[in-house]
Amino acid sequence: MSGTFKALVANKTDAGYSSEIRDITLDDLSAGDVVVDVTYSTLNYKDGLAVTGKGKVCESFPMVCGIDFAGTVASSESADFKPGDKVVLNGYGLSQSHSGGYAQKARVRADMLVKLPDGIDMKQAMAIGTAGYTAMLCVLALEKNDVTPKDGAILVTGAAGGVGSVAVAILSKLGYTVVASTGRAETHDYLRALGASEMIDRNTLSEAGKPFQKPRWAGVVDTVGSTTLANALAQTNYGGAVAACGLAGGADLPTTVLPFILRGVTLAGVDSVMAPMAARQEAWTRMGTDLPKDKLDSMADEVPLAKVLELAPQILAGQVRGRVIVDVNA
Ligand code: NDP
């Protein structure tokens, strides 16, 4: 039917939680002054939670899922954007309080959009996606806390996941020595190719450890949380910094104040969803210069929209490697 387009919509009724691909119209989208023809979205851990209903992501129903997208402006009532502009959007409540990127069209506010930076095309932007942009926010957090390559090794946890993979590639390109923590031995060659110099089994970090351990890391990018983050803090060098962005292993944090008060360790929280525009622009600009584009190809698989229904439980089970680009028009 003319005026309709495809979307992946989550719904919650008395019959339970469900997600399906269906035809919708612009009237089904949240309000905004810019309409975008979406080219690609991606699959992130949070998308897995929203599509399966295993996490409380969507705040109202029915909700178009997808926490990010790249596309071309179709129409705009804002002076900041014109038809034909290539744009990207991460977070800002997409799939939570605002209809998201798993649709052939999105309607958003102009102040949510970032113009695609030079040196990145739409496919690369979504190979990066929210996971990659969060990885860059973590790297920026380490830099802001004066962690430099000469200070020692950086630990990346959940390394074979989306955030972890991009963090490994960026840190290695910037000259850091990267140690990758993963639970999947079959990803070692992949992680080495991204630039990790050493791999450690994630079980060595996920068991409860002493609150104060032998210092090993100048900095940490942690996507796992819980005991893994507690051990990472306990193993961080004097004056080091830990960028915490994830909870793949749990939302708790069973730690003590010892790493902070005896080693001056900084725990830097990283949020991508409501990150201010200046931080977004800095992260995307740095992505244009500091992410090795050749590594993106080995990190990213492309799938049609319907495949997201199948992959959503898999990403929650830690079975998805690297990044998944979603072609919403396939
Ligand atoms: P992925 O599922 O792609 O990666 C997560 C990785 O964590 C897995 O690949 C696995 O890595 C590891 N992992 C999974 N389960 C466990 C477990 N029980 N114990 C230890 N390690 C585990 O997800 P993303 O990379 O997209 O996201 C990573 C985390 O970051 C998520 O918690 C997500 O919610 C969060 N996030 C936060 C953002 C923010 O704004 N703060 C933005 C984006 C993501 P391996 O196989 O290598 O062990």
Side-chain angles (χ1 to χ4, degrees), residues 41-52 54-57 66-68 90-96 126-138 140-141 155-169 178-192 194 196 199-208 220-232 243-253 267-276 279-280 283 299-301 308 311-326:
S41 182
T42 73
L43 177 71
N44 298 277
Y45 190 87
K46 191 169 171 181
D47 294 311
L49 294 173
V51 171
T52 60
K54 293 235 163 72
K56 285 188 182 146
V57 175
I67 65 167
D68 49 19
N90 304 96
Y92 268 148
L94 287 195
S95 172
Q96 277 179 266
M126 284 296 103
I128 295 165
T130 296
Y133 143 77
T134 304
M136 181 54 91
L137 291 175
C138 290
L140 293 172
L155 171 69
V156 176
T157 66
V163 177
S165 295
V166 182
V168 169
V178 183
V179 176
S181 165
T182 180
R184 291 180 276 177
E186 68 275 19
T187 64
H188 285 189
D189 287 345
Y190 161 77
L191 289 166
R192 207 168 282 114
L194 293 183
M199 262 53 73
I200 59 171
D201 187 324
R202 80 181 190 202
N203 288 328
T204 62
L205 289 165
S206 58
E207 298 292 321
V220 178
V221 172
D222 178 62
T223 71
V224 174
S226 191
T227 42
T228 298
L229 176 54
N231 282 318
C245 72
L247 43 57
D252 58 327
L253 179 53
L267 177 57
V270 171
D271 167 58
S272 66
V273 179
M274 299 310 290
R280 285 165 191 270
M299 258 185 247
D301 290 325
V308 170
L311 291 177
Q314 292 180 19
I315 196 165
L316 297 184
Q319 292 164 353
V320 170
R321 193 193 80 172
R323 301 279 305 126
V324 177
I325 304 171
V326 178

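What you see below is based on every heavy atom in this structure, not just the backbone, and it leaves out hydrogens, waters and symmetry mates. In each ligand, atom 1 is the first atom listed, and ligand 1 is the first ligand listed.
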Ignoring angles and geometry beyond distance, decide whether [X] reaches within less than 3.5 Å of ligand 1 through its nitrogen or oxygen atoms.
X	value
T228	no
T134	no
L247	yes
A160	yes
R184	yes
G318	no
T130	no
C245	yes
V163	yes

Give, for atom [atom1] of [X] and atom [atom2] of [Y], the distance between the pair rounded to the nearest 0.5 Å.
X	Y	atom1	atom2	answer
N44	K46	CG	NZ	9.0 Å
D252	L247	CG	CG	10.0 Å
I67	N90	CD1	CG	7.5 Å
T182	N203	OG1	CG	10.5 Å
L229	D222	CG	CG	4.5 Å

Original post:
Does the Y133 side chain pair with the main chain of S272, one donor and one acceptor, at a distance under 3.5 Å?
Top reply: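 Answer holds: yes.
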**OP:** Take D68 and T130 through the test side-chain hydrogen bond (donor to acceptor under 3.5 Å, both in side chains) and record every step on the way to the result.
**Re:** CA-CA 6 Å; D68 49 19; T130 296; 2.6 Å; yes
Please report which non-hydrogen protein atom sits nearest to [atom], along with the residue it belongs to and the distance in Å to one decimal place.
atom	value
atom 47 (O) of ligand 1	T182 OG1, 2.6 Å
atom 4 (O) of ligand 1	G161 CA, 3.2 Å
atom 11 (O) of ligand 1	G158 CA, 3.4 Å
atom 29 (C) of ligand 1	T223 O, 3.5 Å
atom 34 (O) of ligand 1	Y45 CD2, 3.4 Å
atom 10 (C) of ligand 1	R202 NH1, 3.6 Å

[X] and [Y]: which non-hydrogen atoms are nearest, and at how many Å?
X	Y	value
R323	M126	NH2-O, 3.2 Å
I315	G48	CG2-CA, 3.9 Å
S226	G249	CB-O, 3.7 Å
G93	V273	N-CG1, 3.8 Å
L205	S181	CD1-OG, 3.6 Å
G322	Y190	CA-OH, 3.3 Å

Subject >> Closest to atom 16 (C) of ligand 1 (judged by heavy-atom distance), picking from A180, A248, S272 >> reply: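 Going through A180, A248, S272 one by one, A248 has the nearest heavy atom to atom 16 (C) of ligand 1.
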**OP:** Tell me, please: is K46 in heavy-atom contact with ligand 1, that is, under 4.0 Å?
**Re:**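 In this structure, K46 fails to qualify as a contact of ligand 1 - no heavy atom is under 4.0 Å.
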Original post:
Is there a heavy atom of S206 sitting under 4.0 angstrom from any atom of ligand 1?
Top reply: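 Checking ligand 1 against S206, which is what was asked, there is no heavy-atom contact under 4.0 Å.
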Relative to the heavy atoms of [X], which atoms of ligand 1 are at a distance of less than 4.0 Å?
X	value
G246	29 (C), 30 (O), 32 (O), 35 (C)
D271	40 (O), 41 (N)
G162	1 (P), 3 (O), 4 (O), 25 (O)
G249	17 (C), 18 (N), 19 (N)

Subject >> Which segment of V270 sits under 4.0 Å of ligand 1 when only heavy atoms are counted >> reply: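 For V270, the contact with ligand 1 is made by the backbone alone.
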Subject >> R202 and T228: CA distance, side-chain angles, deciding distance, side-chain hydrogen bond (donor to acceptor under 3.5 Å, both in side chains) verdict >> reply: CA-CA 8 Å; R202 80 181 190 202; T228 298; over 6 Å; no
